[in-house]
Amino acid sequence: MSVIALPRPEGVPAERAGWLALLARRKVALAGVVTVAGMVVVGALAPVIAGDPDHMDVAARLTAPGRAHWFGTDDVGRDVFSRVVYGARLSLLVGAAVVALSFAIGLVCGLVAGYYRRLDNVVMRVMDGLMAFPAIVLAIGLMAALGPSVTNVIVAIAIVYSPRVARVVRGSVLVIRETPYVEAARALGATDAALIARHVLPNCLSPVVVQGSFVFAAAVLTEAALSFLGVGVPPYVPSWGVILAEGRLYIQQAPWLVLYPGVAIMLTILGLNLFGDGLRDALDPKVRGLAGDRQRA
Amino acid sequence: MKTYVARRLLALVPVALVVATVAFVLIHLAPGDPASVIAGPDASADEVERLQQQLGLDAPLPVQLVRWYGRLLQGDLGQSIFLRKPVTEAIVDRLEPTLLLTVFAVVIAVVIGVPAGVLSARYHNTATDQAFMVLALLGVSIPNFLLGLIFVLVFSVWLGWFPVAGYSPLEYGWLKTLRSLVLPAFALGLVQSALIARIARSAMLDVLREQYITTGRSKGLGERALVYKHALKNAMIPTVTIVGISFAVLVSGAVVVETVFNIPGLGRLVISAVLRRDYPVIQGVVLAIAGVYMLINLAIDLSYLLFDPRVRYR
C-alpha cells in the first residue's frame, strides 16, 4: 500500500519550459495520462454505458461472464460490469475530493508553518504526530470514530494525507521566504497576506502538484482497502473494495467477482503512477537521485 | 554520537504526545455522546450511564485527557467492552500471527528487492534492468490485498497448493505455521520488494557515478569488486532506510492482508472492534501500531550510526 514519490529515473531531459510537451514526449507518461483519462470518461459516462448497478436478478446469480453480463453477476445477481463502472466513478470522486481537501489543509498548514517561524514548531509537531501513524491504521481509527459514509471516507483519508502535503509545502516556503524577490516585495511594504498569496504560494506549487497524483493514487488505494475491510463506504455503495470483499466469499465459484474490480484498481493506480512519474520529471528537473530520502536522516 | 542518540530520543517525546492525543480524540470525534454511541441504539439510559462511568467519560475533558496520559504511562490501555478483558491482553493474544507475518514479509521483500535493484543498476539500461523495472512498476501498482486474493485464486483454488485461508499457531508446529503464512507473506512482501528494488537501484546508480568509482575503475579494479565491495556499501544507506520503512509499512499492511486470509491477528482484532464499536480496543491497537512504527523509525535513525560514519560526528 505504498504510494510515495520515487526517485527520478535516469536519462530524462531536464528542461523547464513546455512541461506539457515534455510530458507528451515521454510515451510512458502519456500511457498513464491515457489510462487515467479513460477511467475519467468511464466514470463520467457511467449512467450511459452501464446499467443499474443495484438491480438484482436473483435468477441470474453468479452467472459467468458472457453476452448478457460482460463481467458476470454477483451473489444476488447484480451486473458486475455496471458495478465496476460505477466503482470507477466512486474511486475517482474520492480521489479528487481527497486531493482537494488534503491540499487545502496541507497548503494552509504548510504555508503557516513555513512562513511564520513561531508557529512552525507547533504545526509541524502535530503533523509529525499524525504521520507517526501508518496511513491505513489512522484511517481505520478515524472511520471508527466518524462512521461509514462516502463523505467520512474522504475526510478520513484527507486527514491522513494532508501532513504529507504540508511537509512538502513548508519545505519550499522555507526556501522561497529567503529569496531576494520576497525580500524586495517586503521592502516595498507588501503585507504578509499579499506576500504569501502573490509570491510564496505560486512558487511553491510545482513540487506540490507532483504530490497530487501520488495522493490521488493513495486515496484510491486507501478507499478500496477501507471498503474491502468493511469500514469504508457503506456496503450498498458500489465500490471496488466492496465488490472485492463480497467476491472474496465466492472466490471458488465466481473468480470474476475478484478479477474485474481487481484489474480496474490496478489499471487506475498504474496510470496514476506513470502520470505522476512523468509529471515529476517534467516539473521538477532539479530533483536528482535520492536527495529527498537522504534528508530524512 | 551521544548527542545524536539523545536528540533522536528527545524528538520522540512531542510526537508521542501528539500520537497519544490523537488516539484520545478518536473516541470523542464520533457525533453525539461517546457512551451512547458505544452502547448502541438499543441501550437503556442506565446502561449508557454505567458505560460512562466505566470509561471515565463523566469527567471534564481536560481531566479525562490527563488521566489518559497517566494510564498510558503505566502501560494501561483500558478494558475491552466486548471481550471483557484488558486491551493489552487482547493485543498480546493476537500479536503472534501479525508479528510472524510481518517478519516473513520483510524477509521476502528484502531478499527479492535488494538484489533486483542492485542487478538493475549494474546492468543499467539493458534488458535485465528494464524487465526488473517493469515488474517493479506493476508491483507498486497492485494493492497487497488484491495480490492476496489473486494468490488465493491461483495457488489455493486452482492449483490447491496452499490452504485457502486460516492460520496455524506456532504451538501446532512451525512448519504448519509457515505454510499458512506463505501466501499472505508473499502478497505483502512482493509488493514491498518492488519499492525496495526501485530505491536500491537508484541509490546504486547514484553511487556508481561517484568519482571514487571512476578512480577504482581507472586503477584497474574489476567490475565485480567495484560494484559489490565499494559501491554496495554506500548504496546501503538509503536502502536500509527503505527496508526499515518497509517493516513499518508491512506491519500496517498485515492488518489488511489478515482479512483476506482470515488470520486472527491485530488487523482482525481492530476491524472487529470497529464493527462492535469497542473503542478501547480500537484506541489500543491504533496506539500500539503507531508505537511500533515510531520505534522502527527511531531504529532506522540510529542505524545510520553503523552505516554512515559522518553521522557520528554530528
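No hydrogens, no waters, no symmetry mates; every other heavy atom, side chains included, goes into these values. Here the structure is a predicted model, which is why all the values come from computation and not from measurement. So that the names make sense, note that chain A is the first sequence line, chain B the second, and so on, each numbered from 1.
When heavy atoms are compared at a cutoff of 4.5 Å, B/Leu26 approaches chain A by way of both its backbone and its side chain. In this structure, chain B has no heavy atom under 4.5 Å from any part of A/Ala245. Looking at B/Leu138, both its backbone and its side chain come within 4.5 Å of chain A, counting heavy atoms on both sides. With a 4.5 Å cut-off on non-hydrogen atoms, A/Val231 touches chain B through its side chain but not through its backbone. Residue A/Met143: no heavy atom, backbone or side chain, is found under 4.5 Å from chain B. Within the 4.5 angstrom heavy-atom criterion, only side-chain atoms of B/Leu146, from C-beta onward, approach chain A. Neither the backbone nor the side chain of A/Leu272 comes within contact range of chain B; no heavy atom of the residue lies under 4.5 Å from a heavy atom of that chain. For A/Leu226, no part lies near chain B; criterion is any non-hydrogen pair under 4.5 Å. When heavy atoms are compared at a cutoff of 4.5 Å, A/Leu259 approaches chain B solely by way of its side chain, counted from C-beta outward. Contact of B/Val15 with chain A is made through backbone and side chain together, with heavy-atom distances under 4.5 Å. Heavy-atom distances place both the backbone and the side chain of B/Val260 under 4.5 Å from chain A.
Of the residues listed (B/Val18, B/Val22, B/Ile289), the one engaging A/Phe133 in a side chain to side chain contact (heavy atoms under 4.5 Å, CB included) is B/Val22, and it is the only one.
In this structure, A/Leu270 CG and B/Ile142 CD1 are separated by 10.5 Å, a value rounded to the nearest 0.5 Å. Note that OG of B/Ser141 and CG of A/Leu267 are 9.5 Å apart. Values are rounded to the nearest 0.5 Å. To the nearest 0.5 Å, atoms CE (A/Met266) and CD1 (B/Ile150) are separated by 7.0 Å. Rounding to the nearest 0.5 Å gives a distance of 8.0 Å between CZ of B/Phe145 and CD1 of A/Ile136.
The shortest heavy-atom contact between B/Ile282 and A/Gly141 is CG2-CA, 4.3 Å. The shortest heavy-atom contact between A/Asn273 and B/Val140 is ND2-O, 3.7 Å. Residues A/Pro134 and B/Ala290 approach most closely at CD-CA, 4.3 Å, considering heavy atoms.
Using a 4.5 Å heavy-atom threshold, the side chains of A/Pro255 and B/Val157 count as separate. B/Val152 places none of its side-chain heavy atoms less than 4.5 Å from the side chain of A/Val258. Taking the side chain as every heavy atom from C-beta outward, A/Ile140 and B/Val286 never approach each other to under 4.5 Å.
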Please step through side chain to side chain contact (heavy atoms under 4.5 Å, CB included) for the pair B/Val251 and A/Val137, ending with a clear verdict. CA-CA 10 Å; B/Val251 173; A/Val137 174; over 6 Å; no

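Using modelled atom types, one side-chain atom of B/Tyr279 and one backbone atom of A/Ala144 make a donor-acceptor pair closer than 3.5 Å.
With chain B as partner, the option from A/Leu244, A/Leu138, A/Ile251, A/Val126 having the largest number of non-hydrogen pairs under 4.5 angstrom is A/Ile251.
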